[in-house]
Amino acid sequence: MPSVYDPKKTEEKWYDFWLEGKFFEAGKDPNKKTYTIVIPPPNVTGNLHIGHALNNTLQDILVRFKRMQGYDTLWLPGMDHAGIATQARVEAKLREEGISRHDMGREKFVEKVWEWKETYAKNIAHQWRKIGISVDYSRERFTLDEGLSNAVREVFVRLYEKGLIYRGKYIINWDPVARTALSDIEVIYKEVKGALYHMNYPLKDGSGFIRVATTRPETMLGDTAVAVHPEDERYKHLIGKTVILPIVGREIPIIADEYVDPEFGSGAVKITPAHDPNDFEIGQRHNLPQVVVMDEAGKMNENAGKYQGMDRFDCRKQIVKDLQEAGVLVEIEEHVHSVGHSERSDAVVEPYLSTQWFVKMKPLAEKAIEIQKNGKGVRFVPERFEKIYLHWIENVRDWCISRQLWWGHRIPAWYCDDCGEMTVAREEPKTCPKCQSQRLRQDEDVLDTWFSSALWPFSTLGWPEETADLKRYYPTDVLVTGFDIIYFWVARMIFMALEFVEEKPFQDVLIHGLVRDAEGRKMSKSLGNGVDPMEVIEKYGADAMRFMLSTGCTPGNDQRFRWERVEAAQHFANKIWNASRFVLMNLEGVTPEELSLSDKKLSASDRWILHRLNETIRDVTQLLERYEFGEVGRILYNFIWDEFCDWYIEFAKLPLYGEDMEAKRTTQAVLVHVLDQSLRLLHPIMPFITEEIWQHLPVAGESITIANWPTENPAYHAPEAVRDMQILIEMIRAVRNIRAEMEVAPKHQIELFVRPGMDVLPAIQNNEAAIKRLCGVKQLHVDPAMERPEKAMTAVVTGAELFLPLAGLVDIEQTIARLQAELKKLNAEVERVEKKLANPGFVAKAPQHVVEAERKKGEEYKAKREKVLARLAEMQ
RNA sequence: GGGCAGUUAGCUCAGUGGGAGAGCGCUACCUUGACACGGUAGAGGUCGUUGGUUCGAUCCCAAUACUGCCCA
């Protein structure tokens with residue numbers, strides 16, 4: 001084994017090994033309990049970003065953990081066709097070649113997208129294996145594959161038949177760049193500096209004018225009324241009168257409607273029913289005409305008169321100029337307001353009147369709200385996200401599901417060219433059910449991508465067929481995802497599942513944060529600050545990346561990506577590697593039988609590390625159950641590095657290099673056991689390096705991926721060994737401290753006198769060799785009754801006094817200074833404890849064990865202080 | 001406007017109703033038979049501010065300031 005761990009040489013090898021062994025395939029043992037996760041399907045067009053790496057790592061940790069615990073684990077992989085995103089990218093590519101999708105036609109274009117899909121799906125699959133995820137590829141799904149498309153149709157038809165899907169002409173959010181409708185949540189509101197334009201609309205009777213204000217003056221071309229509040233004294237006399245719409249010349253009425261806020265602007269508003277959602281509703285109440293003045297690309301249409309063909313923003317400039325010249329526009333006021341932008345194209349969203357398909361949300365939401373409120377709902381981790389979810393689902397509006405795209409699930413509705421009848425069906429109808437005509441046309445639109453994603457937890461398991469997988473693995477155990485798609489995805493999966501499978505889709509939802517850049521900014525293409533997980537793996541290995549991502553944060557919180565942290569994780573991997581090298585190098589000629597721990601005589605350090613291993617097993621297991629990955633990482637890091645490597649291995653060198661064969665065997669057995677168990681505990685986080693090392697161990701089985709998860713062994717419970725080790729460690733540190741202060745060369749062996757109390761005497765006597773080795777001591781004298789040596793450096797530790805007669809080096813001044821510093825600390829501690837114990841409230845009300853602990857501490861501090869004072873008295 | 005997070009060592013972040021922690025960085029020493037991606041010893045914080053609850057608050061509660069996110 002080389003002295004530096006090289007992830008590149010090992011990672012690829014083991015992933016192939018795992019696949020060949022089919023360790024990740026579910027369903028091998030019907031007697032096992034199941035543990036199921038469905039992967040949040042990444043968009044098929046694109047690379048996995050560092051957020052996917054985090055998301056996948058967390059799931060992999062859970063699945064590997066449960067697999068080792070003996071569950072029949074199914075982690076089901078798959079990808080999403082990502083309608084707008086994918087289509088936009090393929091269109092952009094075609095545009096470079098000077099082709100539009102309309103040139104190609106629908107069929108050819110969709111074929112082209114499928115080609116792209118194949119390329120990118122391969123790419124993502126490759127990235128999955130690099131990250132090391134333990135998914136069951138035999139069950140991989142794609143949102144547009146046949147089974148899932150059947151599920152989509154089934155759901156659509158059933159909802160339609162129930163009256164929960166309808167088609168109608170409403171104001172929707174229109175993306176003029178992607179030229180499609182959007183749902184409410186695909187609109188992102190941003191604060192934008194704009195202006196409020198005040199205009200005087202002249203009354204028809206010549207008696208003056210009425211002032212209205214707007215932020216979108218170009219929409220005035222579509223005005224069909226002016227509205228005022230019915231109780232507004234300023235305008236009461238004008239209700240029912242007519243104004244002449246400037247430029248257009250259309251006569252429009254002044255109407256009264258409660259919706260108008262008399263406080264805002266002039267208290268009178270222009271009404272554009274075809275270009276504003278509120279105006280649309282007012283228009284419906286008052287039977288106003290709806291004049292659409294723009295086309296699908298955001299250009300002014302034939303209803304815009306001389307502005308026809310102009311872009312909406314150019315038109316705004318021109319119309320402002322014209323209105324100013326006409327004396328209609330009387331004031332322009334700076335105004336900050338929030339403007340909707342398309343989540344995908346970032347285009348300013350246009351409220352637009354058009355015919356679309358909708359899901360009626362209230363009845364679906366009700367079920368979800370009900371189970372959540374009576375405690376049978378989904379458990380959100382962290383809890384606070386439940387409120388966010390509930391608030392949304394309680395206020396949800398109908399969902400616009402039709403998209404004017406070609407890439408996606410085509411809406412299963414057909415129109416008869418002869419009688420106009422619409423048919424919604426699972427299979428394409430041959431003839432019109434009303435007039436028997438064969439001239440049927442399928443609806444051109446496709447469904448919102450999230451419609452199919454909403455079915456993911458059950459459609460991937462075979463629904464609507466009652467498959468064995470669906471029976472066995474549904475509902476899933478946990479969904480792991482980011483808070484940014486709670487509305488888009490989590491909420492929709494829940495209400496769809498409740499409607500169609502009548503059971504919630506997952507027990508828990510684990511919400512994680514974003515991975516931000518080192519400055520805390522969101523990673524984005526436009527900033528170019530994204531981190532490619534493949535680059536991280538290339539440089540540091542997947543294990544280091546996984547350790548860094550999964551242990552770098554608290555649940556639900558964002559984290560910053562810092563290369564130094566990946567480097568630290570890499571160093572940790574290397575540390576484990578070298579500790580393992582040490583163990584393996586010292587096993588020559590040992591048979592696996594000799595490594596059995598039973599009937600071995602254990603030393604204090606053996607019992608100590610085994611006791612600590614027990615505690616580590618307990619903590620890691622509990623923390624994983626609670627999704628506390630950050631704590632798991634820290635605990636394993638500290639146990640392996642600070643306790644196993646820094647102390648146990650150093651203690652182990654003595655028997656390993658010594659003559660006592662029995663002691664040597666014992667140490668070897670403990671080393672192998674602790675290493676084996678540590679590797680298992682670490683495997684879910686760092687799968688590659690743990691498999692690599694584990695396979696070198698004499699106790700290894702087929703694969704660590706299916707090795708048993710460690711459990712506590714009560715036989716190794718040894719709190720007294722912990723106490724002994726604490727004393728030894730304190731002593732060793734004190735000696736090293738003096739050596740460092742006195743600049744004693746590390747190679748220079750010294751003489752050490754120890755005057756222990758009777759309570760610590762056995763611990764010291766039993767470990768004299770270790771003390772000598774770790775302190776660089778050639779002669780060690782231990783005697784509870786010893787006389788203080790002349791001219792010696794002195795230290796006081798718990799239960800013992802140390803004397804170092806450093807010939808020619810003893811510095812009285814420095815010793816006094818150090819003892820005085822120690823005295824100062826002890827004084828402070830004693831004072832703090834005594835003050836506490838002097839407080840009758842504390843003694844009376846604090847828990848008994850806390851008071852006891854304080855008393856004990858106080859006594860120890862005082863005893864130590866006495867010794868320090870005695871030493872000082874002798875020297876001064 | 002409503003809601004939710006965060007504010008702890010130079011930096012990035014953990015954490016706990018009872019003696020403040022890690023990684024990186026910094027200082028000194030050390031290539032000691034696993035590891036310089038290392039070892040040993042150290043320096044460094046009135047836990048945002050102000051009140052309250054409590055025997056005791058960095059932790060619980062309230063207010064407040066700043067930062068960020070979500071919703072309208």
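We name chains A, B, ... by the order of the sequence lines, and we start the count at 1 in each one.
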Answer with base, sugar-phosphate or nothing: what part of the nucleic acid does [X] contact at a heavy-atom distance below 4.0 Å?
X: A:A846; answer: base
X: A:Y637; answer: sugar-phosphate
X: A:P840; answer: nothing
X: A:E741; answer: nothing
X: A:L584; answer: nothing
X: A:K387; answer: sugar-phosphate
X: A:S338; answer: nothing
X: A:Y487; answer: sugar-phosphate
X: A:E650; answer: base

Side-chain N or O of [X] closer than 4.0 Å to phosphate OP1/OP2 of [N]:
X: A:N395; N: B:C71; result: no
X: A:R562; N: B:C11; result: no
X: A:R733; N: B:A41; result: yes
X: A:K575; N: B:G39; result: yes
X: A:K653; N: B:A34; result: yes
X: A:Y5; N: B:G38; result: no
X: A:H571; N: B:G23; result: no
X: A:W641; N: B:C37; result: no
X: A:R565; N: B:U12; result: no

Spacing between [X] atom [atom1] and [N] atom [atom2], to the nearest angstrom:
X: A:F572; N: B:C37; atom1: CZ; atom2: P; value: 18 Å
X: A:I511; N: B:C70; atom1: CD1; atom2: C1'; value: 13 Å
X: A:N578; N: B:A36; atom1: CG; atom2: P; value: 7 Å
X: A:D517; N: B:C13; atom1: CG; atom2: P; value: 11 Å

Parallel, tilted or perpendicular: rings of A:F488 and A:W450 (30°, 60°):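 Because their plane-to-plane angle lies in the 30° to 60° range, the rings of A:W450 and A:F488 count as tilted.
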Plane angle bin for A:F572 and A:W641 - parallel if under 30°, tilted between 30 and 60°, otherwise perpendicular: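 Because their plane-to-plane angle is under 30°, the rings of A:W641 and A:F572 count as parallel.
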Results of side chain to side chain contact (heavy atoms under 4.5 Å, CB included) for A:Y648 - residues two or more places apart only: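 By the side chain to side chain contact (heavy atoms under 4.5 Å, CB included) rule, A:Y648 matches A:S605, A:D606, A:W608, A:I609, A:F644, A:A652, A:T667, A:V670, A:L671.
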Return the nearest nucleotide to the side chain of [X]; candidates are [options].
X: A:R581; options: B:C69, B:A34, B:C13; value: B:A34
X: A:E631; options: B:G15, B:C55, B:A34; value: B:G15
X: A:A568; options: B:C37, B:G23, B:C55; value: B:G23
X: A:H391; options: B:U40, B:C71, B:C35; value: B:C71
X: A:R560; options: B:U32, B:C37, B:U12; value: B:U12

Proximity of A:W489 and A:Y487 rings by center, below 6.0 Å: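 Not under 6.0 Å, so no.
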Note: [X]-[Y] ion pair, threshold 4.0 Å (strictly below):
X: A:E535; Y: A:K539; result: yes
X: A:E730; Y: A:R733; result: no
X: A:E538; Y: A:K8; result: yes

Member of A:R855, A:K857, A:K862, A:R865 meeting the salt bridge (charged side-chain N to carboxylate O under 4.0 Å, His left out) criterion with A:E834: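 Only match with A:E834 under salt bridge (charged side-chain N to carboxylate O under 4.0 Å, His left out): A:K862.
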Rounded distance in Å between the C1' positions of B:A41 and B:G51: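 Here B:A41 and B:G51 have their C1' atoms 44 Å from each other.
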A:Y657-B:G33 aromatic stacking (under 5.5 Å, under 30°):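 Yes, A:Y657 stacks on the base of B:G33.
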Any donor-acceptor N or O pair under 3.5 Å, side chains A:D642, A:W647: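 Per modelled atom types, A:D642 and A:W647 side chains form no pair under 3.5 Å.
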Earlier contact from the 5' end, RNA chain B, for A:G630 and A:W577: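 Counting from the 5' end, the first nearest nucleotide belongs to A:G630.
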Which residue lies more 5' along RNA chain B, comparing A:G520 with A:K825 via nearest heavy atoms: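 The 5'-side residue here is A:G520.
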Dot-bracket encoding per residue of RNA chain B, Watson-Crick/G-U cut-off under 3.5 Å, | denoting interstrand: (((((((..((((....[..)))).(((((.......))))).....(((((..]....)))))))))))).
